[in-house]
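Below: one structure, written as structure tokens.
Letters A, B, ... are given to chains in the order of the sequence lines, protein chains preceding strands, and every chain is numbered from 1.
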There are 2 protein chains.
Amino acid sequence: MGVTLKDVAERAGVSTSAVSRAFTEGASVSSKTRAKVERAADALGYSPNALASSLTTGRTKLIGLVSNNFHNPLFLEVFDRFTRGLQDRGLRPLLVNLSDETDPVHSVRMMRQYSVDGAIIASSTLPPSFAEAYRAAGIPVVHSFGRYTTAPQVHVVGIDNVACGRMAGEALITRGYKRVAFMGGPENATSTQDRALGFLGALHEHPEIEVSVSYASAYSFDAGRSEMTDLLKRTPAEAYFCGDDVLSIGALSAAQEAGLSVPDDIGIIGLNDMQMARWQNINLTTIRQPVAEIIGASIDLVIGTVEEPGRHPETRLFPCRVVERGTLRPRP
Amino acid sequence: MGVTLKDVAERAGVSTSAVSRAFTEGASVSSKTRAKVERAADALGYSPNALASSLTTGRTKLIGLVSNNFHNPLFLEVFDRFTRGLQDRGLRPLLVNLSDETDPVHSVRMMRQYSVDGAIIASSTLPPSFAEAYRAAGIPVVHSFGRYTTAPQVHVVGIDNVACGRMAGEALITRGYKRVAFMGGPENATSTQDRALGFLGALHEHPEIEVSVSYASAYSFDAGRSEMTDLLKRTPAEAYFCGDDVLSIGALSAAQEAGLSVPDDIGIIGLNDMQMARWQNINLTTIRQPVAEIIGASIDLVIGTVEEPGRHPETRLFPCRVVERGTLRPRP
DNA sequence: ATACATTTTGCAACCGGTTGCAAAAAAGGC
DNA sequence: GCCTTTTTTGCAACCGGTTGCAAAATGTAT
């Protein structure tokens, strides 16, 4: 079944080294033998075994793509772009689903067993220590959609959550809302904390505006909906910054069901700008994460680190922008 | 950096064979040497190189997961379950994004270069010939979310699209609609054809009911919305079976925007039951695909075929069921 | 033609493991 | 204790490639 180097060599009447060289960019082979080898290889349908060659070259062209965000619709786009981006550069994604696992030890071992050249942690919820375990194991790694930390031990690519929070705050201020609120995801997620920080920071300069904060139990539709349902029973704010689009849509649903009109009675701004946000029957005003840029930079960084392992950890944060749709009253 | 078998052997004071055996289930090793080996391995932080061993064992435990459905929200769940299911069985998914590629030749070559043990084609739109190319190349393969064909050359797991179409037709008949329609995805998709077939078949027994058929240009929100917008300009039907949930939600959006009330003025039933269908502000009546079962069966089949390559091609179709929500009037 | 520089080639060792086989060690029977 | 059977062990070859090195072939200059 498997056609090997040796078969090709035999058929072409050359040594195995010659065949190997014919398939290696920039190796020393005469055009005559290369032609002989190619003819034989075509006839036999040979393609070199990437894993066998990795043994000596030390490169597998395998990149671990590790995530625990398999319920966030944004991540379908994330996987799409990662796989395409890696493939375009001749790399292969080995997908790892962490599910509820928070200890890196299993996945690190797996990465080593399969000798991945590098790894990308694509997760907005994992702590910095996760990626650090990879680095400690000698695996070139970048934490994609991670958050900013001072003196990071690993490459981090993402958005500036504090700045996003501030941007959301300013969006609400500009539109003249007098009672605003932040509805975060789970309080212990580091990204949630940063967004709250930025939001409150922006509002701090406007003491005339009333601010409150609450946390949904998860980054999910149901959590957003039930949180908003609770809030509406008390004295709700005029406008909410929700830490995520799915959460926002849940909140939106609760508001509509309570008979409130959006954005006249209540305003909502989300974060992510996932596919559904632009569906006209949702039409969510939100803050867009530049997903393509984040992913492009992540891939570049991981490749760079594979080539230059000692490379200093870098943090690349990309700016977000408000996408004007229908769940916030227009700017005056 | 890399601790090898030899390092462990040296440290434990045994031969490399002993170490290899200590890590192989059911090999002949005394408990005494196994203990010595384990101690040495722990101290050194050794884990065996899966790729090196694949060279002799012929098994990589790598499974190609090939898809071109990176825009269908259902597939986030699909990837989640596939990765988890494979991991639980000690297998690793090598993800391949086909994008717009329709020729299997590239991905087949890649599968061979990485010596995958098997492959799963997860796609509702690829033709049967795609998976057949894998089989022809000697790669154990199952086409997941594929469609039924007579005398299939490869394993196919999915739903019975004809039965689903029939089920949708019957749902509309039972609810007393007198003018019904099928809005499919692109006409050339084989699944679309089958769904239309079943739908029309069911209606054929009810000549008193008026039936029409149209096709959206893609399985997307925009396509569904624009198709429905067009339909509403003429004489629309009372109820529509849309070939997909995303399409349905697009159609729903158009209907709502036209000031029609759902389900009083117009009824819609989708297919898939993806996450968003149960969001209360969408609340789509739809037909549920048993995703977990399809994926479980796909994994079992691919494993079975790895172990018994000559195995006869099998088609496993799972039954769907209507999920009652708010876009169809209640059954009388 | 000869001497020398350059390119191309094959040999053989190696990458990190596995495995058939025969020798060595342990266990069992008397 | 000795002999037989069973288990454990190490040797060495092998999986499918790559690569340093020296020999062979080719090209250039005289």
Side-chain angles (χ1 to χ4, degrees), chain A residues 1-38 40-41 44-62 92 109-117 138, chain B residues 1-38 40-41 44-62 92 109-117 138:
Chain A
M1 243 212 43
V3 183
T4 76
L5 198 62
K6 209 180 286 178
D7 301 328
V8 178
E10 211 159 293
R11 174 147 201 188
V14 296
S15 74
T16 60
S17 332
V19 180
S20 173
R21 287 183 181 117
F23 278 94
T24 319
E25 200 69 24
S28 169
V29 215
S30 69
S31 47
K32 214 196 303 180
T33 55
R34 158 161 281 136
K36 273 197 293 189
V37 168
E38 272 169 3
L44 264 44
Y46 169 75
S47 64
N49 182 329
L51 303 178
S53 75
S54 84
L55 255 251
T56 35
T57 61
R59 290 282 162 87
T60 53
K61 303 204 162 200
L62 247 28
R92 316 284 164 215
R109 175 161 40 221
M110 211 212 91
M111 295 288 116
R112 297 229 307 213
Q113 286 180 338
Y114 283 85
S115 318
V116 296
D117 289 348
Chain B
M1 243 210 42
V3 182
T4 75
L5 198 62
K6 210 179 286 178
D7 301 329
V8 178
E10 212 158 293
R11 173 146 198 180
V14 295
S15 72
T16 59
S17 333
V19 179
S20 173
R21 287 182 180 118
F23 279 94
T24 318
E25 200 69 23
S28 168
V29 215
S30 70
S31 48
K32 213 197 304 180
T33 57
R34 159 162 278 137
K36 274 197 291 187
V37 168
E38 272 169 3
L44 265 42
Y46 170 75
S47 64
N49 182 328
L51 303 177
S53 75
S54 83
L55 226 18
T56 35
T57 60
R59 291 282 161 88
T60 54
K61 304 204 161 198
L62 247 28
R92 315 285 165 213
R109 174 162 39 220
M110 211 212 91
M111 296 287 116
R112 297 229 306 213
Q113 286 180 340
Y114 283 85
S115 319
V116 297
D117 288 349

base_contact_polar (dC11(D) base, S17(B) side chain, donor-acceptor, <3.5 Å): yes
Under 4.0 angstrom between S15(A) side-chain N/O and dT9(C) OP1 or OP2: no
Short side-chain N/O contact from S20(A) to OP1 or OP2 of dG16(D), under 4.0 Å: no
Rounded distance [0.5 Å steps], NZ in K6(B) versus OG1 in T16(B): 8.0 Å
Any T33(A) side-chain nitrogen or oxygen under 4.0 Å from OP1 or OP2 of dT9(C): yes
Rounded distance in Å - CG (N49(B)) to C1' (dC14(C)): 15 Å
N or O in side chain of Y46(A) less than 4.0 angstrom from dG17(D) OP1/OP2: yes
Any N/O donor-acceptor pair, R59(B) side-chain to dG17(C) base, under 3.5 Å: no
Any side-chain heavy-atom pair of L55(B) and L51(A) under 4.5 Å: no
Selected nucleotide, minimal atom distance to V29(A) side chain, candidates dT9(C), dG10(D), dT18(C): dT9(C)
Donor-acceptor contact present, side-chain T60(A) to main-chain S54(A), <3.5 Å: no
Atom-to-atom span, CZ of F23(A) to P of dT18(D) - whole angstrom: 10 Å
Length of the CD-C1' vector between Q113(A) and dG17(C), whole Å: 13 Å
Sub-4.5 Å side-chain heavy-atom contact between T4(B) and D7(B): yes
Integer-rounded Å distance: dG16(D) C1' and L44(A) CG: 15 Å
Nearest-angstrom distance from the residue atom NZ of K6(B) to C1' of dA12(D): 13 Å
Base dG10(D) to side chain R21(B), donor-acceptor N/O within 3.5 Å cut-off: yes
Distance test, side-chain N/O of T56(A) to OP1/OP2 of dC15(C), below 4.0 Å: no
Length of the CZ-C1' vector between R34(B) and dT7(D), whole Å: 14 Å
Nearest-nucleotide 5' precedence on DNA chain D, A18(A) against L55(A): L55(A)
Residue T57(B), side-chain heavy atoms: nucleotide from dT18(C), dG16(C), dT18(D) that is nearest: dT18(C)
Donor-acceptor contact present, side-chain R92(B) to main-chain L62(B), <3.5 Å: no
Rounded distance (Å) that lies between atom P of dT18(C) and atom CD of E25(B): 13 Å
Pairwise 5' ranking along DNA chain C for K32(A) and T16(B), keeping only the more 5' one: K32(A)
Sugar-phosphate, base or nothing in reach of T4(A), heavy atoms under 4.0 Å: sugar-phosphate
Side-chain N or O of S30(B) closer than 4.0 Å to phosphate OP1/OP2 of dT9(D): yes
Check: dG16(C) base within 3.5 Å donor-acceptor of R112(A) side chain: no
